[in-house]
Amino acid sequence: MTTPKVPLVIDTDTAQDDCIALLVGLLDPRADLRAITMVAGNVGFDQQIRNAFLTLNVAGRLGEVPIHLGCRRPLVRPWESAENVHGDGVGGMTMDMTGCDPDPEHAVDTLIRLAAESPGELTIVCIGPLTNIATATVKDPTFVDNVKALYVMGGSNNARGNITAAAEFNFYVDPEAAKAVFAAGFDITVIPWAPLTLERAVFGERQRDEIAALDTPLSRFFTRACAATLEFDRSVGINGTTHPDSLTAAALLHPELIRRVGQYHVDVETAGELTRGYAAMSWGVHGVEPNASVVEDVDGPGFYTYLCDVLGRNFYSARAFS
Ligand SMILES: [Ca+2]
């Protein structure tokens, strides 16, 4: 018996590990990736679009999966980038972008349409700020019920942040959107930054060399896309590249990678003087009902082996990239 495919959309601020998460969605035989939707986040919006097309190309899927452009800024705040972390998000890779045009439908409308076309079946892998998702819930009151589940990369589980001491980047950039999404009634699984990502999804020098030794276009793409982040991570005491976005996609497609999940009430700070974007994850003793499953442990080596398997295969890239 073949395992049924998982229908999904990846909502992304495409830079570095977002690209690797897209590769997972594009190349894993279990994935039925119906669209890529873009949200303002890591790097300049137009650069994110180029990064997504570069990723489609190296996966041999150029022209097969549509890219839809969504919200170009957070709900109420000015956009802030993570370009200091990611550079352009792909290590300076370029290719001929002639004819690489996003789909004209707005990403929010795409999310609403795809969810409505197959109610209760579509999972959205949310690996950027939650602006598009929050906007979709406002625009279409049936959206929440039509979506099967959200897999959200964001926040830290009562642990340190990355953009501030308290906050992880995705929730920090658009805390109002994150707060609205957790209050909306979705079935949500959270992959937090800390401690999970830092304990289970950091690839150090050995892994970097092993991936480079795969010597495929995908492994070369990985090495280039992750180079800038590696430099930044070292400067802040993380000994390798961080992969929370690809872990989020992999956890959806391979739940056997998940070792422990806790039921939490997750809410996001929007008003704090020092804690904007902080995810308050309450573990059941504070009189609030759970609204999310927070992943507490995963099979880190299993995740790494899985990614090596994805990156070790060869696909025909329609266009040269360098
Ligand atoms: Ca991201």
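Keep in mind it's a predicted model, so treat the numbers as computed, not measured. Just follow the structure's listing: the first ligand is 1, and inside any ligand the first atom is 1.
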(message) Ignoring hydrogens and geometry beyond distance, is a side-chain donor-acceptor pair present between Tyr264 and Glu296 at under 3.5 Å?
(response)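 Note: Tyr264 and Glu296 side chains meet the donor-acceptor criterion.
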
(request) Look at Glu117 together with Arg34 and state whether they make a salt bridge at an N to O cut-off of under 4.0 Å. (result)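 Between Arg34 and Glu117 there is no salt bridge, as every charged N stays at least 4.0 Å from the carboxylate O atoms.
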
(request) Flag this pair as yes if the NZ/CZ of Arg276 is under 6.0 angstrom from the six-membered ring centre of Tyr172 and inside a 45 degree cone about the axis; otherwise no. (result)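 Verdict for Tyr172: a cation-pi partner in Arg276.
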
(request) Could you tell me whether the Ca ion (ligand 1) has an N, O or S atom of Asp18 under 3.0 Å away? (result)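 A backbone or side-chain N, O or S atom of Asp18 is under 3.0 Å from the Ca ion (ligand 1).
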
(request) Could you confirm whether Phe169 has any N/O/S atom lying under 3.0 Å from the Ca ion (ligand 1)? (result)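 Checking Phe169: none of its N, O or S atoms is under 3.0 Å.
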
(request) Would you name the N/O/S atom of Asp245 that lies closest to the Ca ion (ligand 1)? (result)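 Nearest N/O/S atom: OD2.
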
(request) Return the name of the atom in Asp13, of element N, O or S, nearest to the Ca ion (ligand 1). (result)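 Result for Asp13 and the Ca ion (ligand 1): OD1.
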
Please table the atom pairs, donor to acceptor, closer than 3.5 Å between any side-chain atom in residues 185-193 and protein atoms at least two apart or in another chain.
none

